[in-house]
Amino acid sequence: MSSFRRIAKHPTICLAESCINFRQIKQVQTQLLITGLLDDPRLHGQFVASIALKHPNLLDYSTQVLDQNTNATVFAFNSLIRAHSKCPNPKKSFQFYNKMLKSNNPYPDNYTFTFLVRTCAQLLDCGTSSAVHASVLKHGFETDPHVQSCLIYMYAELGLLNCARKVFDEIPQPDFVIMTAMVTACAKSSEVGFARLLFDSMPQKDPIAWNAMISGYAQCGQSREALNLFNLMQMERVKINQVSLVSVLSACSHLGALDQGRWVHAYIGRNNIAVTVSLGTALIDMYAKCGDMNKAMDIFWGMKEKNVYTWSSAMGGLAMNGFGRKCLELFALMKQGGVLPNEVTFVSILRGCSVAGLVEEGQMHFNSMREEFGLEPLFEHYGCMVDLYGRVGRLNEAWDFINQMPVKPHAGAWGALLNACKIHKNKELGELASRKLVELESKNHGAYVLLSNIYADSKNWDSVSNVRQTMKAKGVRKLPGCSVIEVNGEVHEFLVGDKSHPRYCEIEAKLDEISKRLKLSGYMANTSPVLFDIEEEEKEDALCQHSEKIAIAFGLICLKEGVPIRIVKNLRVCWDCHAATLIISEIYDTEIIVRDRNRFHHFKDGACSCNGYW
DNA sequence: AAGGTAGATC
């Protein structure tokens, strides 16, 4: 006979788990009381656990039930600690722990500590966390692998990689779950290189370990590495699941790699992979960030279940692609559907108002954040409001808004004002904004570049070179412009003045041709974005070397007629490139879609979706 | 009767 025995759940407990409301639970409790079953500590524990874990809205009630048996088991206490560690007020977990300690009955066990550590990870309070870690040591559970991986997870959440590392280093033979926790911890703290070393040293890796490493790369912005590792995962024939694909799609979104993203979409269909809410959301985000908003919305409407992530992604995508009103329509539907917006949703809403120029509507939504939804506006929201006023030229209101903000204006707010000053050519306010911006972020190249653009607009070359000199003195460098274009699933990257591409001869000839055709159509180079005070002709030459122009030329060479040219740029599109691209889309009769640092530009028949404001 | 590691909106 085996000594293994499984404790079957009492039928009344099964009944308690299937209750759907408080009244039914009360009935079950009465039954347990009458039959005296609640006096049995084991059944009492099961009952407490079934309420606490299956009915999180009745947490307070399960606490009362705990007190109804003076011999409550550690299982009952642990269940309540565990249930509270997942709820909005995780601090309550400690009440039960303290109660156990005070009466010495029952004693906390290794389970107790895994739940307490999770509570700390939820609370994000360093003092509490180190106190709990001390208790783990005091009770001698530091060698329990479950407790160890929870501790590593907790320190990673707190951003204390050194502490996580210390726990890890003291484990003589970490198993692969602990290794995976450490890989995640490193990636979260941007130590993705070390994460990879650990990952490579693992003798065996399950899909979770692979997914942890891939998402680590994706979250650190190392999107190409994420894709490379995903390919390796396939070559090693590791089982791919939804989590793998969500991370890969996120990498595609960052890169703007539409072909790769489409491949993932096809893979899902080919392998009959169930589209979970997060996978669907990742697909929407990928198509939106690659500029194919129609496809993104097809998926959106096709999803049965949608949560706040799904709605926010779709709304953010619409705003980013210039469909401000559609974004607001979606918000109305979201509210009708009973999904509550969060802070991120409001960033999308305010951006939607901004691109559509709907100032009053934006004000209304901004106020509703606090009044209707109890959400405190964050820096981003204030920045969006400055942008909202500034974009339509209401610069004074933007200025007033900044000065009346209840929080200290951050770089984003001044940056939005500065951009508005550039659009509406307000030199005085622009100078002020850029001075503030530089005070906050003395290495912010964007501030200097925008300011020198403002000066260059009025051909004030002395001031332009002053700005240049300040940049040089402070060691501020302009981030080199870089444009990416995908051709046949292959990603081609071009930097400013980049001549390194193997087909540069063809590209140069194409650039020449474009330049001639532009001139024939009456286009005049707007040389103001060139920061140097050089001769006009040289400036024109320098402009032709902007990375997006090189990428467009390459696209015209390689892509079939009728296929839109899609480009992802790391900076904002410059004014000259914008003007030139408008005409190129007309004379070459091609659609050109450019994603810049902020938003999309869909160029077609000589017009752009941004209407000249970006 | 229970516990450890991976994923989406900024």
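Heavy-atom basis, side chains included; hydrogens, waters and symmetry copies ignored. Just so it is clear: chains get the letters A, B, ... in the order the sequence lines come, proteins before strands, and each one is counted from 1.
- Note: A:Trp311 and A:Phe300 meet the aromatic proximity criterion, with ring centroids under 6.0 Å apart.
- Residue A:Asn78 places a side-chain atom within donor-acceptor reach of the base of B:dA2, judged by atom type and a 3.5 Å distance cut-off alone.
- Residue A:Glu380 places its side chain closer to B:dC10 than to any other of B:dC10, B:dT5, B:dT9.
- A donor and an acceptor atom never sit less than 3.5 Å apart when one is taken from the side chain of A:Asp206 and the other from the base of B:dA6.
- The residue A:Thr180 sits close to a base: some heavy atom pair falls under 4.0 Å.
- Here A:Ile178 lies in heavy-atom contact (under 4.0 Å) with a base.
- No hydrogens or angles were tested; on distance alone, nothing pairs the side chain of A:Asn241 with the base of B:dG7 as donor and acceptor under 3.5 Å.
- Using a 4.0 Å cutoff on non-hydrogen atoms, no part of residues 292-304 of chain A comes near DNA chain B.
- The residue A:Gln242 sits close to a base: some heavy atom pair falls under 4.0 Å.
- Stacking is not found between A:Phe75 and the pyrimidine-like six-membered ring of the B:dA2 base under the 5.5 Å centre-distance and 30° plane-angle cut-offs.
- By the stacking rule of 5.5 Å between ring centres and under 30° between planes, A:His146 stacks on the base of B:dG3.
- Regarding contacts with the backbone of B:dG7, a side-chain N or O of A:Gln219 is found under 4.0 angstrom from either OP1 or OP2.
- Counted within 6.0 Å of OH on A:Tyr267, heavy atoms from surrounding residues, nucleotides or ligands total more than 12; the atom is thus considered enclosed.
- Considering CZ of A:Phe230 and OG of A:Ser247, their distance stands at 10.0 Å, rounded to 0.5 Å.
- The phosphate of B:dG7 (OP1 or OP2) has a side-chain N or O of A:Ser215 nearer than 4.0 angstrom.
- Side chain A:Asp175 to base B:dG4: a donor-acceptor pair is found below 3.5 Å.
- A close approach under 4.0 Å does occur between a side-chain nitrogen or oxygen of A:Arg118 and OP1 or OP2 of B:dT5.
- Here OG1 of A:Thr310 is found 11.5 Å from CD1 of A:Ile299. Values are rounded to the nearest 0.5 Å.
- A salt bridge links A:Arg262 with A:Asp259: at least one charged nitrogen is closer than 4.0 Å to a carboxylate oxygen.
- With hydrogens and angles left out, the side-chain atoms of A:Asn419 and A:Asp387 include no donor and acceptor closer than 3.5 Å.
- For the pair A:Lys188 and A:Ala156, the tightest heavy-atom approach, listed with the atom from each and the gap, is CD-O, 4.3 Å.
- At a non-hydrogen distance threshold of 4.0 Å, A:Asn342, A:Val344, A:Val347 from residues 325-348 of chain A come into contact with DNA chain B.
- Of all nucleotides listed (B:dA8, B:dG3, B:dG4), B:dG4 comes nearest to the side chain of A:Cys150.
- Listed by chain and residue number, nothing satisfies the ring-ring contact (aromatic ring centres under 6.0 Å, His included) test with A:His10 (two or more places apart in sequence, or in another chain).
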